[in-house]
Amino acid sequence: MFALLTRLAQRHRAFFLQFATFVGVGLTAAAGHFTTLAIMVERNWAGPVLASLAGFVVGSVISYSLNRRFTFESTRSHAGALPRFATVAGIAFVMTGVLMDLLVHRIGLYYLLAQAITTGLVMIWTFSAYRIWAFAHKAGAREQRAE
């Protein structure tokens with residue numbers, strides 16, 4: 001079993017490294033998101049859903065700049081990548097609002113737990129869409145440009 005896992009890891013090494021980088025960037029973006037969310041809720045500036053959406057915007061700015069450069073090594077110009085990123089992020093924004101409303105107001109979860117669940121679910125969508133469409137990763141693209 002261990003040998004099989006080792007072969008799979010070697011075969012899909014680039015994908016696993018890319019996903020690990022995405023998770024690292026995601027944790028950085030999530031720190032901005034959660035900080036914004038907690039400050040806005042705890043200071044009574046907004047309810048959990050609106051505060052989560054404001055945090056989403058903060059996290060998206062962090063996510064775009066770091067993912068474009070480090071995770072996907074995008075060769076698209078900002079003019080080409082940003083509209084695609086915004087489309088994916090727009091769908092994720094709506095997903096965040098719907099999931100937070102469902103988890104906080106309908107199910108009654110604590111807002112930070114609801115945000116953690118929402119972040120995990122939305123991450124699946126964003127990684128897939130950024131990888132396949134928004135940044136259209138091409139392995140080694142950066143090295144080819146340098147030549």
Side-chain angles (χ1 to χ4, degrees), residues 1-139 141:
M1 179 61 123
F2 183 73
L4 173 64
L5 291 174
T6 301
R7 279 196 313 272
L8 281 173
Q10 289 171 345
R11 185 175 185 191
H12 300 287
R13 185 173 191 273
F15 174 80
F16 289 131
L17 286 173
Q18 185 180 51
F19 186 74
T21 303
F22 181 79
V23 169
V25 166
L27 290 172
T28 304
H33 185 147
F34 275 75
T35 299
T36 303
L37 167 65
I39 288 170
M40 290 183 76
V41 169
E42 296 304 321
R43 293 193 179 184
N44 290 317
W45 292 347
V49 176
L50 183 59
S52 177
L53 293 174
F56 182 94
V57 172
V58 171
S60 291
V61 171
I62 296 166
S63 177
Y64 174 78
S65 57
L66 296 179
N67 274 318
R68 183 176 188 278
R69 180 165 183 193
F70 297 112
T71 306
F72 299 106
E73 297 180 341
S74 181
T75 56
R76 289 187 190 276
S77 67
H78 286 292
L82 192 55
R84 288 174 178 235
F85 177 88
T87 300
V88 172
I91 294 167
F93 183 85
V94 171
M95 289 171 67
T96 297
V98 169
L99 287 169
M100 284 296 289
D101 181 65
L102 174 71
L103 296 172
V104 172
H105 296 302
R106 311 278 188 255
I107 296 176
L109 292 181
Y110 180 62
Y111 77 95
L112 291 175
L113 175 59
Q115 185 61 65
I117 293 167
T118 297
T119 298
L121 293 171
V122 171
M123 182 184 77
I124 295 166
W125 156 252
T126 56
F127 177 74
S128 301
Y130 292 153
R131 185 173 198 274
I132 293 167
W133 185 65
F135 294 116
H137 175 72
K138 294 179 184 168

Subject >> Shortest non-hydrogen contact between Val104 and Ala114, atoms and distance >> reply: CG2-CB, 3.6 Å
Original post:
So how far is it from Leu27 CG to Ile62 CD1, rounded to the nearest 0.5 Å?
Top reply: 11.5 Å
Subject >> Shortest non-hydrogen separation from Tyr130 to Ala89 and the atoms involved >> reply: OH-CB, 4.0 Å
**OP:** Look at the side chain of Arg84 and the backbone N and O of Trp133, then say whether any donor-acceptor pair between them is shorter than 3.5 Å.
**Re:** yes
Original post:
Within the side chain of Asn67, is there an N or O that forms a donor-acceptor pair under 3.5 Å with the backbone of Ser63?
Top reply: yes
Subject >> Any side-chain heavy-atom pair of Ile107 and Leu102 under 4.5 Å >> reply: yes
Original post:
Hey, what do you get for CD1 (Ile132) to CZ (Phe72), rounding to the nearest 0.5 Å?
Top reply: 10.0 Å
Subject >> Validation row: Leu121, Met95 side chains within 4.5 angstrom (heavy atoms) >> reply: no
Original post:
Quick check: does any side chain N or O of His33 sit under 3.5 Å from a backbone N or O of Ser52, one acting as donor and the other as acceptor?
Top reply: yes
Original post:
Judged by atom type as modelled, is there a donor-acceptor pair below 3.5 Å linking the side chain of Trp125 to the main-chain atoms of Ile91?
Top reply: no
Original post:
Going from CZ on Phe22 to OG on Ser128, what distance comes out if it is rounded to the nearest 0.5 angstrom?
Top reply: 8.5 Å
**OP:** For residues Tyr111 and Pro48, report the shortest heavy-atom separation together with the two atoms involved.
**Re:** CB-CB, 3.7 Å
**OP:** Hey, could you give me the OG1/CZ distance between Thr96 and Phe56, rounded to the nearest 0.5 Å?
**Re:** 5.0 Å
Original post:
Passes side chain to side chain contact (heavy atoms under 4.5 Å, CB included), Leu99 versus Ile117? Steps please.
Top reply: CA-CA 9 Å; Leu99 287 169; Ile117 293 167; over 6 Å; no
**OP:** Would you name the heavy atoms of Ala51 and Ala46 that are closest together and state the gap between them?
**Re:** N-CB, 4.1 Å
Subject >> Ring-ring centroid check Phe127 Phe15, cutoff 6.0 Å >> reply: yes
Original post:
Taking the six-membered ring for Trp, are Phe135 and Tyr64 parallel (under 30°), tilted (30 to 60°) or perpendicular (over 60°)?
Top reply: tilted
Original post:
Any side-chain heavy atom of Val57 within less than 4.5 Å of one from Phe93?
Top reply: yes
Original post:
Got a second to check how far Met123's CE is from Thr118's OG1, nearest 0.5 Å?
Top reply: 13.0 Å
Original post:
CD of Gln115 to CZ of Phe34: how many Å apart, nearest 0.5 Å?
Top reply: 4.5 Å
**OP:** Could you pull out the closest heavy-atom pair between Ala92 and Thr126, with the gap in Å?
**Re:** CB-CG2, 3.7 Å
